[in-house]
> 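Before I ask anything, let me first share the structure, which is written out below as structure tokens.
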Amino acid sequence: MKDKSLAFKVPSAAATARARSQAPENLNPYDFAVRQFDRAADHLGLNDGSREVLRKPKRQLIVSIPVKMDDGSIRVFTGYRVQHSIARGPSKGGIRYHPGVTLDEVKALAMWMTWKCSVVNIPFGGAKGGITVNPKALSLDENERMTRRFTSELSIILGPDRDIPAPDVYTNSQTMAWMMDTFSMTKGYSTLGVVTGKPMAAGGSAGRNEATAEGCFVAIEEAAKRQRLQLKGATAAVQGYGNAGMHVARFLDEAGVRVVAVSDSQGGIYEKKGLAVENVSSAKEKKGTVAAARGEKISNEDLLELPVDILVPAALEGVITRANAARIRARIVAEAANGPTTPDADDILRRKGTVVIPDILANAGGVTVSYFEWVQDLYSFFWDPDMVRTQLQRTIRRAYEDVESAARRYDTDLRTGALILAVGRVEEATRIRGIFP
Ligand code: NAD
């Protein structure tokens, strides 16, 4: 009898690509982080064992966080911490409070952190954490109690030489101060280096607040130089107006770029002649949204498709997809956010000749200054702002050159170049250390 299994044909690469292009786009961030990794691994010719090790997070912790609410009731939130790799040093990565937080999102963000630390060549692996919660619905006291209990639950895997959180979406320097204090109180002494992004009064670093944006701006300068694009008089749109987006808009404005549109979770505003960025920031501060500032209303989706020179997605992942990539008109897309562009969208943008400065390079300024903060905490010796700024700019410019030369060597785009550089360094560390036992 004929063996039926022989009737199965392995689909060709072209057939797989065709099937993928016809199926609805997979927007699971972990799946697309793995697809990005696989592209770099193919270029590097990594063997199956190395791929298996580097794809999987090293450690995943899921915790239940009971919180006494102001009205006396108790609610239980779910929190995550994923450590993707510690091959090159302690793991490092932000804490996100958002209703959309899932384990797969945290896994993706942790993996991107590993590559990001490697791109800028700092001695950290990657991690990420988050709580599935709408923090806007919490009082400040509830937020503090939730943060402290979350820190206590995570404390079994945190530490300045183990895993070091930082702020991310809807967390800030106050969140980090509570985390550091909670961790320190259980030890009985102050452990400044357990988190970064702290206020200056509690072991923070000069320049950390605007570091992500400053790094992003430096990367835009590098890209513009190569594109022969004069920043003075160029146009830009920024999606997301928080720690990353707000400061990017300010740096662009200071460089003479006309920032024509900005947005946040409540919508956006557009002004062809350029927005008064200072007024937008003060509207955001006073009224909680940029939509309250002067300008024509624009949706988050339409903002992405404006005919600008520079587009800065600075909110959440998966906003530039197969569905809208062809309509993106910017010459340069600088990913201040993590994971804003899907792999299918990347392919479309590459064919159009759009320069995408990948997240693991464009927003690496934040973790770079977090590294400086950690060093300062460990040495109890604090740098002046010029020192931070000089070292940050040097790090990002050097990383840009390294990424560009990897992209050139492998005849690929900047994202894959960045991943080749990053994955190559992590794989080398993993291989040299060997597999225990
Ligand atoms: P944040 O909480 O300070 O600000 C988030 C901003 O995005 C807010 O203005 C919010 O209104 C807006 N927003 C939320 N949902 C939105 C939506 N659906 N559409 C448009 N805007 C929306 O957060 P952040 O720290 O600025 O982080 C933003 C992005 O930058 C994230 O992808 C984060 O991972 C990345 N990032 C941040 C840092 C950092 O140091 N803070 C470092 C590297 C990368």
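All residue numbers in this chain count up from 1 along the given sequence. Because only heavy atoms are used, hydrogens play no part in the values below, and waters and symmetry mates are left out as well, while side chains stay in. First listed ligand is number 1; within each ligand, the first listed atom is number 1.
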> Does Thr171, backbone or side chain, put an N or O under 3.5 Å from an N or O of ligand 1?
no
> Any carboxylate oxygen within less than 4.0 angstrom of a Lys/Arg side-chain nitrogen, looking at Asp264 and Lys284?
yes
> Hey, does Lys116 come in under 3.5 Å of ligand 1, counting only N/O atoms on both sides?
no
> Distance under 4.0 Å to a non-hydrogen atom of Ala244: what atoms of ligand 1 satisfy this?
26 (O), 30 (O)
> With respect to Gly366, determine whether any N or O atom, backbone or side chain, lies less than 3.5 Å from an N or O atom of ligand 1.
no
> Can an N or O of Lys128 be found at a distance shorter than 3.5 Å from an N or O of ligand 1?
no
> For ligand 1, is any non-hydrogen atom under 4.0 Å from Met246's backbone (N, CA, C, O), its side chain (CB onward), both, or neither?
neither
> Can you check whether Asn121's main-chain N or O pairs, donor with acceptor, with Ser118's side chain at less than 3.5 Å?
no
> Within a distance under 4.0 Å of any heavy atom of Leu316, pick out the atoms of ligand 1 and give their elements.
15 (N)
> Assess whether a salt bridge exists between Lys92 and Asp163, defined as any Lys/Arg side-chain N lying under 4.0 Å from an Asp/Glu carboxylate O.
no
> Give a yes/no verdict on whether any heavy atom in Arg96 is under 4.0 Å from an atom of ligand 1.
yes
> Quickly, which of Trp115, Trp112, Tyr30 forms a ring pair (Phe, Tyr, Trp, His ring centres under 6.0 Å) with His84? Name it, please.
Trp115
> Between Asn363 and ligand 1, which part of the residue brings a heavy atom under 4.0 Å of the ligand: side chain, backbone, both or neither?
both
> Please check: side-chain N/O of Thr171 versus main-chain N/O of Ile95, any donor-acceptor pairing under 3.5 Å?
yes
> What protein heavy atom sits nearest atom 5 (C) of ligand 1, and how far away is it?
Gly242 CA, 4.1 Å
> Give the residue and atom name of whichever protein heavy atom lies nearest to atom 10 (C) of ligand 1, and the separation in Å to one decimal.
Tyr170 OH, 3.4 Å
> Using 0.5 Å steps for rounding, measure from the CD atom of Glu210 to the CZ atom of Phe251.
5.5 Å
> Show which atoms of ligand 1 fall inside a sub-4.0 Å distance from at least one heavy-atom site of Ala336.
30 (O), 35 (C), 36 (N), 44 (C)
> Using only heavy-atom distances, determine whether the side chains of Lys136 and Tyr170 contain a donor-acceptor pair under 3.5 Å.
yes
> Against heavy atoms of Gly240, which atoms of ligand 1 measure under 4.0 Å?
7 (O), 21 (N)
> One thing to verify: whether Glu305 and Arg329 come together as a salt bridge, which I'm taking to mean a side-chain N less than 4.0 angstrom from a carboxylate O.
no
> What heavy-atom pair brings Ala236 and Val257 nearest, and what distance separates the two atoms?
CB-CG1, 3.7 Å
> Starting from atom 38 (C) of ligand 1, find the nearest protein heavy-atom neighbour and note its residue, name and distance.
Thr212 OG1, 3.5 Å
> Kindly confirm or rule out an N or O of Lys136 lying under 3.5 angstrom from an N or O of ligand 1.
no
> Assess whether a salt bridge exists between Arg39 and Asp347, defined as any Lys/Arg side-chain N lying under 4.0 Å from an Asp/Glu carboxylate O.
yes
> N/O to N/O below 3.5 Å, does that happen between Ala337 and ligand 1?
no
> With a heavy-atom distance limit of 4.0 Å, tell me whether Ala314 approaches ligand 1 through its side chain, its backbone, both, or neither.
backbone
> Check each of Val367, Asn338, Asp264 against atom 44 (C) of ligand 1 and report the one with the nearest heavy atom.
Asn338
> Under 3.5 Å between some N or O of ligand 1 and some N or O of Ser263?
no
> So, Glu105 and Lys128, do they make that salt bridge, N to O below 4.0 Å?
no
> Could you tell me whether the side chains of Ser184 and Asp181 share a donor-acceptor contact shorter than 3.5 Å?
no
> Under a 3.5 Å threshold, yes or no: a donor from one side chain and an acceptor from the other, between Tyr241 and Thr289?
no
> Tell me which protein heavy atom sits closest to atom 31 (C) of ligand 1, plus the residue, atom name and distance to 0.1 Å.
Ala315 O, 3.1 Å
> Taking 4.0 angstrom as the limit and counting only heavy atoms of Asn300, give me the atoms of ligand 1 inside it, by number and element.
19 (N), 20 (C)
> Please confirm whether Arg208 comes under 4.0 Å of ligand 1, counting heavy atoms of the residue only.
yes
